[in-house]
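Read through the structure below, which is laid out as structure tokens, and then see the notes.
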Amino acid sequence: MIRVGESHRSQGLDGLKKVEVKLIMNQDQLREEIVRLKQKKGAIIFAHNYQSDEIQDIADIVGDSLELSRLAAQVEASLIVFAGVYFMAETAKILAPDKKVIVPEPQAGCPLAEMATRAELQALKKKFPGRKVVSYVNTTAEVKAETDICCTSANAVQLVSSLPDEEIIFVPDRNLASYVRQKTGKRVIAWDGYCPVHEEIRAEHLLEARAVHPEAEIWAHPECRAEVLEKADRVLSTGQMIKEARITRASEIIIATETGLLHRLSRENPDKKFYPARAEASCLEMKKNSLEKIYRALLEEKPEVVVDEETATRARAAIERMVQFVS
Ligand code: 13P
Ligand code: SF4
């Protein structure tokens, strides 16, 4: 067992790859090592808006799932450490097939994405032949491969409105599907999936938060239940919340989404106050990542995200249709 202290830090740890390394670095040393390794390897760290504060602070780019995937294709680095949940890193790999994408924790998966499988979607398509499949980006690569066009919470309504079809299949989030149905007036065959984190935010939480902060606006993510969206002043994706927070005249805002977003909102807008609609709304999957796991992933350049060629090609077509629609 080798303990990592000053002497190893000064010469780097790369030579110790094959040896079990017990980390006794403190957080500052860990941060220094991550930065050193990142520079040495020409790597870049991406973090989703829901990552813990310390991961957001060390990341090169913090963003929503689509922003990060699109940037993966644009950045020069050939090694990307993706701190988020697995489908996000997979989407990045699909859009940047020549780059090596590694994840700090391969078990960090999105329960919503895992509620839809390729076989189940194939069966639903057989039941409703001819209907286009619109899939939220929170899906596996395999489900994307069975999809006509992807969407995010930021563009789902506009994208479905733009389709000539009067009836579509929407996968996998039932709350986003019902919001799309309400806003577009179209017939939406909704998958029965949901995000456990957003599902647990209830109307009563908004009422309680409003009672404490009577002047605050309420902004909710469309993965929330209809009873929450009805009470919200605005329904916005995480990326839209970040942009709108910079320009809104509201000085206090109750945020109905995963609480990790509040770190970035508060950091970028110190003149405004942000309150969680539900303080317990934390995505445990997102929080499986840690600085130590980022360090190990960088050191060993694994675990690597791999998507088979056939699945990646079909999934890429569905994602690129969305990207073309947005741009
Ligand atoms: P974004 O698409 O806004 O990054 O959100 C993904 C997500 O997991 C929402 O819960
Ligand atoms: Fe998935 Fe919900 Fe976590 Fe987002 S917050 S990654 S949708 S479980």
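This structure is a prediction, so every number in the text was calculated from the model and none was measured. All ligand and atom numbering here is 1-based and tracks the order in the structure.
Residue contacts with ligand 1 for S65 involve both N, CA, C or O and side-chain atoms from C-beta outward (heavy atoms, distance under 4.0 Å).
Between R181 and E167 there is no salt bridge, since none of the side-chain N atoms of the basic residue sits less than 4.0 Å from a carboxylate O of the acidic one. R234 and E244 are joined by a salt bridge, as a carboxylate oxygen and a charged side-chain nitrogen come within less than 4.0 angstrom of each other. Ion pairing of E105 with K288 is absent here, as no side-chain N (NZ or NE/NH1/NH2) approaches a carboxylate O to less than 4.0 Å.
Checked by distance only, ligand 1 and T238 come closer than 3.5 Å through their nitrogen or oxygen atoms.
Those atoms of ligand 1 that come under 4.0 Å of a heavy atom in Y50, given as number and element, are 7 (C), 8 (O), 9 (C), 10 (O). Within the listing of ligand 2, atoms 7 (S) sit less than 4.0 angstrom from a heavy atom of N138.
The heavy atom nearest to atom 1 (Fe) of ligand 2, considering only P111, C110, S65, is found in C110. Of the listed residues (N138, L261, D64), the one carrying the non-hydrogen atom nearest atom 7 (C) of ligand 1 is N138.
A side-chain donor-acceptor contact under 3.5 Å links D57 and H263.
Under the side-chain hydrogen bond (donor to acceptor under 3.5 Å, both in side chains) rule, T257 has a single partner from R278, H221, H198, which is H198.
Of the possible polar contacts, none joining the T139 side chain to the S135 backbone as a donor-acceptor pair under 3.5 Å is found. No side-chain donor-acceptor contact under 3.5 Å links K272 to the backbone of I253. Listed for the K99 side chain is a donor-acceptor partner under 3.5 Å among the backbone atoms of A72.
For atom 5 (O) of ligand 1, the closest non-hydrogen atom of the protein is H48 NE2, 3.8 Å. Atom 3 (Fe) of ligand 2 has C283 SG, 2.4 Å as its closest protein atom, hydrogens excluded (heavy atom only). C195 SG, 2.3 Å is the protein heavy atom nearest to atom 2 (Fe) of ligand 2. Atom 4 (Fe) of ligand 2 has its closest protein heavy atom at Y50 CE1, 3.8 Å.
Not close to ligand 1: M286, with no non-hydrogen atom less than 4.0 angstrom away. Ligand 2 has E223 within reach: a non-hydrogen atom of the residue lies less than 4.0 Å from it. Contact between E223 and ligand 1 is present, with at least one heavy atom of the residue lying under 4.0 Å from the ligand.
Using the six-membered ring where Trp is involved, H213 and Y275 have ring planes that are parallel, under 30° apart on the 30 and 60° scheme.
Using a cut-off of 2.8 Å, one finds that H198 contributes no N/O/S atom close to atom 2 (Fe) of ligand 2.
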